[in-house]
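These numbers were taken from a predicted model, which means no experiment stands behind them. Chain identifiers are assigned alphabetically (A, B, ...) following the order of the sequence lines, protein sequences preceding nucleic acid strands; residue numbering begins at 1 within each chain.
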There are 2 protein chains.
Amino acid sequence: MTSEQPPSADSGGRRELNKRATRTAISTAALSLARTHGPGGFTVDQLADEAGISRRTFFNYFPSIEAALTRPVEEFLEGAFAQLYDRPADEPIMDAVLATLGGDVSQEQMALLCEIYAMGEDDPQLERMQLQVWNKAQQKLEEGLHVRLPRSESDLLINSLAGALIACGQAAMREAAAETVGRSPDAGSFQKHLLVSIGMLRTGFNSLSKDS
Amino acid sequence: MTSEQPPSADSGGRRELNKRATRTAISTAALSLARTHGPGGFTVDQLADEAGISRRTFFNYFPSIEAALTRPVEEFLEGAFAQLYDRPADEPIMDAVLATLGGDVSQEQMALLCEIYAMGEDDPQLERMQLQVWNKAQQKLEEGLHVRLPRSESDLLINSLAGALIACGQAAMREAAAETVGRSPDAGSFQKHLLVSIGMLRTGFNSLSKDS
DNA sequence: GCCCAAATTTGCACACCATGCAAACTTGCA
DNA sequence: TGCAAGTTTGCATGGTGTGCAAATTTGGGC
């Protein structure tokens, strides 16, 4: 007869799908509560209740409320840098980063990332968690750079570059978030800012000097 | 009539001195415990006991163990960027940052910062806290840059530059920490790395391209 | 030296977090 | 259909962080 649904590989299995659904249900519920009660304005019990699971189950999926809230950020960054390995090996790094970070970001997703970023201003725990997510992304980027750059480059310069790139990404996102307060996040806003800031990274910040 | 000093006299009052002493006693005790039991290997009760105070008093000084542990980092960064305002107004920014960040760092202090940084690898909470401390420093730097750069510069570029500078500082520290595993932290190691990475920031990372 | 107002420390209570454990329950599959 | 493996859940436990008020210390005026 017709073959059963896809094999129980990573993403095909029924159980995997269920878990994935539960995960998103939880982080969605968390976001919803954060919108109404503020980032730090609700407890795990409330969240578990909202998501329709038990308190204990929540902790099977996330170690903290903040982790549930920053999950979209984590997924965005992980997805972006995973693409880095798919790009042509001879493409200049800056271009590759621009293409992956600024690539397929939907307007909706961008708005979500900005919203979560903004929440971090109100809640130190959330801010810290978000910083860690970006930091993890930076480490992934460092690995990627190691592959793409001549072996002769020192760790110092590679790590500096990775950090600077991430900093540009953050700055671009902050700028986009700032513009977003007045509604409707411009789709290309993030990409545009990213292009400008990374461009400055290419040619050097010396032109920013007062005596430019 | 004796001129009443404002209750919150900065440094002269006896009470202020006592509080300062208690603060350092606590963070010293925290460091000591972290060395013997690992960063996440002890409780507030143990720490309070070690520092000779009550659990409740600990929370009067720090909101968490991690905050006590990262206090030296915080002080270093705050001290460094406070100096930024004392530097000649016409000095190029990069030079000013180099002078403040790499200025009066004792070998001893440098070793401490590296040690705390390394502990962050073992404890996510500590890592997050440390990231936040650096992030706070970055915000201070942004303010400083606003003053020192022509008014015409966009927030985007200023923030990108601040983030990139901080990233270079972190990379330099990581490099120094990596060298330190074999004891004896070279005094000028941090400064040396800082000089290299910030130099790259000046002239642009384009020269790192594979086709350099 | 004595005393007091202000500052600081402390104990206690309370709500919440995070995790191990084992019992209940689903679920996929032969 | 039945069962082994996976998942959810309740319970217990130890730890965190904070408000509150009582107790204690401290600096300084007299």
Side-chain angles (χ1 to χ4, degrees), chain A residues 1-26 29-30 33-34 37-70 123-126 128-129, chain B residues 1-26 29-30 33-34 37-70 123-126 128-129:
Chain A
M1 199 44 197
T2 54
S3 62
E4 257 293 337
Q5 280 304 355
S8 55
D10 333 4
S11 56
R14 182 102 224 98
R15 288 190 142 113
E16 283 303 315
L17 284 182
N18 285 343
K19 288 191 84 166
R20 188 165 294 272
T22 304
R23 262 185 108 73
T24 54
I26 294 176
L33 282 175
H37 295 61
F42 59 99
T43 72
V44 174
D45 290 84
Q46 287 175 267
L47 172 51
D49 197 42
E50 178 91 4
I53 55 171
S54 79
R55 167 192 177 73
R56 190 58 185 83
T57 298
F58 168 79
F59 283 110
N60 286 343
Y61 283 87
F62 295 99
S64 67
I65 288 178
E66 294 75 39
L69 277 175
T70 54
D123 180 3
Q125 280 298 132
L126 183 56
R128 285 196 275 270
M129 181 61 71
Chain B
M1 56 168 74
T2 58
S3 61
E4 264 296 334
Q5 281 301 80
S8 59
D10 310 5
S11 57
R14 182 101 219 93
R15 289 191 140 110
E16 283 305 315
L17 285 183
N18 285 344
K19 290 191 82 167
R20 188 165 295 272
T22 304
R23 263 186 106 73
T24 55
I26 293 176
L33 282 176
H37 295 61
F42 58 99
T43 71
V44 173
D45 292 81
Q46 287 175 266
L47 172 49
D49 196 42
E50 177 91 4
I53 56 172
S54 78
R55 164 194 173 72
R56 189 62 184 79
T57 297
F58 167 80
F59 284 110
N60 286 345
Y61 283 87
F62 296 100
S64 67
I65 289 178
E66 293 75 39
L69 277 175
T70 54
D123 181 2
Q125 281 296 133
L126 183 56
R128 287 196 273 271
M129 181 61 71

Short side-chain N/O contact to C/dA7 OP1/OP2 from B/Asn18, under 4.0 Å: no
Nucleotide C/dC16, atom P - distance to CD of A/Glu66 in whole Å: 15 Å
Is there any protein nitrogen or oxygen under 3.5 Å from a nitrogen or oxygen in nucleotides 6-10 of chain D, and what are the pairs?
residue, atom, partner, partner atom, Å
D/dT8, OP1, A/Tyr61, OH, 3.0
D/dT8, OP2, A/Tyr61, OH, 3.4
D/dT9, OP2, A/Ser54, N, 3.0
D/dT9, OP2, A/Ser54, OG, 3.4
D/dT9, OP2, A/Thr57, OG1, 2.6
D/dT9, O5', A/Ser54, OG, 3.4

Whole-Å distance separating the CG atom of A/Asp45 from the P atom of C/dC17: 7 Å
Between P of C/dT8 and CG of B/Leu17, the distance in whole Å: 12 Å
Rounded interatomic separation in angstrom, taking CD1 from A/Ile65 and C1' from C/dA15: 13 Å
Whole-Å distance separating the CD atom of B/Gln125 from the C1' atom of C/dA18: 11 Å
Separation of atom CG in A/Leu47 from atom P in C/dA15, rounded to whole Å: 20 Å
Distance, nearest 0.5 Å, that separates CG of A/Leu126 from OG of A/Ser64: 9.5 Å
Verdict with reasoning, A/Asp123 to A/Glu66, per side-chain contact (heavy atoms from CB on, under 4.5 Å): CA-CA 9 Å; A/Asp123 180 3; A/Glu66 294 75 39; 4.3 Å; yes
Distance, nearest 0.5 Å, that separates OG1 of A/Thr24 from CZ of A/Arg20: 8.5 Å
Closest contact, heavy atoms only, A/Arg23 versus A/Tyr61: NH1-O, 3.1 Å
Whole-Å gap separating P (D/dG15) and CZ (A/Phe59): 17 Å
Where B/Leu33 and B/Phe42 come nearest, the two heavy atoms and their spacing: CD1-CD1, 3.7 Å
Atom-to-atom span, CZ of A/Phe58 to C1' of C/dA18 - whole angstrom: 10 Å
Interatomic spacing from CE in B/Met129 to CG in B/Leu69 - rounded to 0.5 Å: 9.5 Å
